[in-house]
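Small disclaimer: the values here were computed from a predicted structure and weren't measured.
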Amino acid sequence: MEVTVPTTLNVLNGSDARLACTFNSCYTVNHKHFSLNWTYQECSNCSEEMFLQFRMKIINLKLERFRDRVEFSGNPSKYDVSVTLRNVQPEDEGLYSCYILNPPDRHRGHGRIQLRVLMEEPPERDSTVAVVVGASVGGLLAVVILVLMVVKCVRRKKEQKLSTDDLKTEEEGKTDGEGHAEDGAK
């Protein structure tokens, strides 16, 4: 069994956090045998506290820490055992684990999420400088391309004029000094 969770989840203080936990199994979920435990650890060396389990139905253990803020938001039949923690508080920071057993799978699946509570939203990145630099470089490239095209056109016109002058010179060579065509049999 393979369990998929985000390794780290950053959540703004006072908002809701969906602790996503999905799994894949070769077997369909049989609610009579399927089991799920969600636990919380304040730190990596602290003991785990179970706050939600599934044994034929969802059982919210309503730890004092979470009171009524935990809600099961998954669907085991669709291999989703996610929970939502409402109104996240700084003291909710820690490690959240989901443990899944779906017999006849022999191995219990496990996923662990590090929840971090942000006290304020990270500042938006100002991309004005990037836009100005990008526009300047783009403008410069446009000018360079335009200059190269003008130079190429000027060269092409000079080449055409030279070849036209050569043709005129060649034709003038076929006339006598007075502009009459020369005879080869004089």
Side-chain angles (χ1 to χ4, degrees), residues 1-139 141:
M1 175 183 302
E2 194 174 302
V3 176
T4 304
V5 296
T7 52
T8 303
L9 187 60
N10 296 316
V11 180
L12 189 60
N13 183 34
S15 65
D16 296 344
R18 186 170 195 272
L19 305 174
C21 179
T22 58
F23 65 99
N24 58 25
S25 173
C26 296
Y27 307 100
T28 59
V29 173
N30 179 338
H31 292 290
K32 291 180 181 177
H33 304 291
F34 178 80
S35 68
L36 161 71
N37 294 328
W38 269 99
T39 64
Y40 167 78
Q41 279 180 280
E42 193 169 343
C43 64
S44 58
N45 296 331
C46 301
S47 61
E48 288 184 270
E49 300 175 69
M50 190 181 318
F51 64 89
L52 187 135
Q53 65 181 170
F54 185 99
R55 302 277 186 277
M56 298 196 344
K57 66 178 184 168
I58 292 295
I59 303 165
N60 189 339
L61 302 176
K62 297 193 180 191
L63 291 181
E64 182 59 33
R65 164 185 302 285
F66 302 121
R67 295 172 292 285
D68 290 329
R69 296 184 299 125
V70 173
E71 177 184 299
F72 184 72
S73 53
N75 181 344
S77 298
K78 293 184 178 178
Y79 306 103
D80 182 357
V81 292
S82 305
V83 296
T84 300
L85 181 58
R86 306 265 179 231
N87 190 23
V88 172
Q89 303 299 307
E91 51 274 8
D92 295 333
E93 249 187 25
L95 298 168
Y96 291 79
S97 295
C98 59
Y99 297 94
I100 304 160
L101 183 60
N102 186 37
D105 276 334
R106 292 187 178 145
H107 301 286
R108 179 171 77 162
H110 173 237
R112 176 178 276 178
I113 303 168
Q114 171 73 49
L115 180 71
R116 293 192 179 124
V117 180
L118 305 175
M119 296 312 288
E120 59 184 42
E121 285 190 57
E124 288 186 31
R125 294 184 182 171
D126 184 11
S127 60
T128 306
V129 173
V131 170
V132 168
V133 169
S136 299
V137 169
L141 284 174

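Here the closest heavy-atom approach between residue Phe72 and residue Asp80 is recorded as CZ-O, 4.1 Å. Of all heavy-atom pairs between Leu63 and Phe51, the closest is CD1-CB, 3.6 Å. Of all heavy-atom pairs spanning Ala20 and Ser82, the tightest one is CA-OG, 3.2 Å.
Residues meeting the side chain to side chain contact (heavy atoms under 4.5 Å, CB included) test with Asp105, sequence neighbours left out: Met1, Ser25, Tyr27, Asn102. Considering only residues two or more places apart in sequence or on other chains, Gln41 meets the side chain to side chain donor-acceptor pair (under 3.5 Å) condition with Arg112. Listed by chain and residue number, Gln89 satisfy the side chain to side chain donor-acceptor pair (under 3.5 Å) test with Asn87 (two or more places apart in sequence, or in another chain). Legend: residues meeting side chain to side chain contact (heavy atoms under 4.5 Å, CB included) with Val11, ordered by chain and number and at least two apart, are Leu9, Ser15, Ala17, Val88, Leu115. Residues that satisfy the side chain to side chain donor-acceptor pair (under 3.5 Å) test with Ser97, not counting sequence neighbours, are His110. Taking Thr8 as the reference, Asn10, Gln114, Arg116 meet the side chain to side chain contact (heavy atoms under 4.5 Å, CB included) condition, with sequence neighbours excluded.
Proximity of a side-chain donor or acceptor of Tyr40 to a complementary backbone N or O of Phe66 within less than 3.5 Å is not detected. With hydrogens and angles ignored, the 3.5 Å screen pairs no side-chain donor or acceptor of Asn37 with any backbone N or O of Ile100. A donor-acceptor distance shorter than 3.5 angstrom exists from the side chain of Trp38 to the backbone of Val81, with no hydrogens or angles considered.
For the side-chain contact (heavy atoms from CB on, under 4.5 Å) test with Gln53, the passing option among Asn60, Ile59, Ile58 is Ile59; the others fail.
Within the 4.5 Å cutoff, the side chain of Leu36 has heavy atoms near those of the Leu52 side chain. Residues Leu118 and Asn13 are not in side-chain contact: their nearest non-hydrogen atoms beyond the backbone lie 4.5 Å or more apart. Phe54 has its side chain within reach of Pro76: a pair of non-hydrogen atoms, C-beta onward, lies under 4.5 Å apart. With contacts defined as side-chain heavy-atom distances shorter than 4.5 Å, the pair Leu85/Tyr96 qualifies.
Each disulfide bond (SG atoms under 2.5 Å apart) pair with one or both residues in residues 80-110, not counting sequence neighbours, appears once here: Cys21-Cys98. Contacts classified as salt bridge (Lys or Arg N to Asp or Glu O under 4.0 Å) and involving residues 41-50 (residues at least two apart or in different chains) are given here: Glu42-Arg65, Glu49-Arg65. Sorted by first and then second residue, the disulfide bond (SG atoms under 2.5 Å apart) pairs with a member in residues 42-81 read Cys43-Cys46; sequence neighbours excluded. Residues in residues 2-26 take part in these ring pair (Phe, Tyr, Trp, His ring centres under 6.0 Å) pairs, two or more places apart or across chains: Phe23-Phe34, Phe23-Tyr79. Residue pairs that meet the side-chain hydrogen bond (donor to acceptor under 3.5 Å, both in side chains) test with at least one member in residues 68-78, sequence neighbours left out, are His31-Ser77, Lys62-Asp68, Arg69-Asp92, Glu71-Arg86, Ser73-Thr84.
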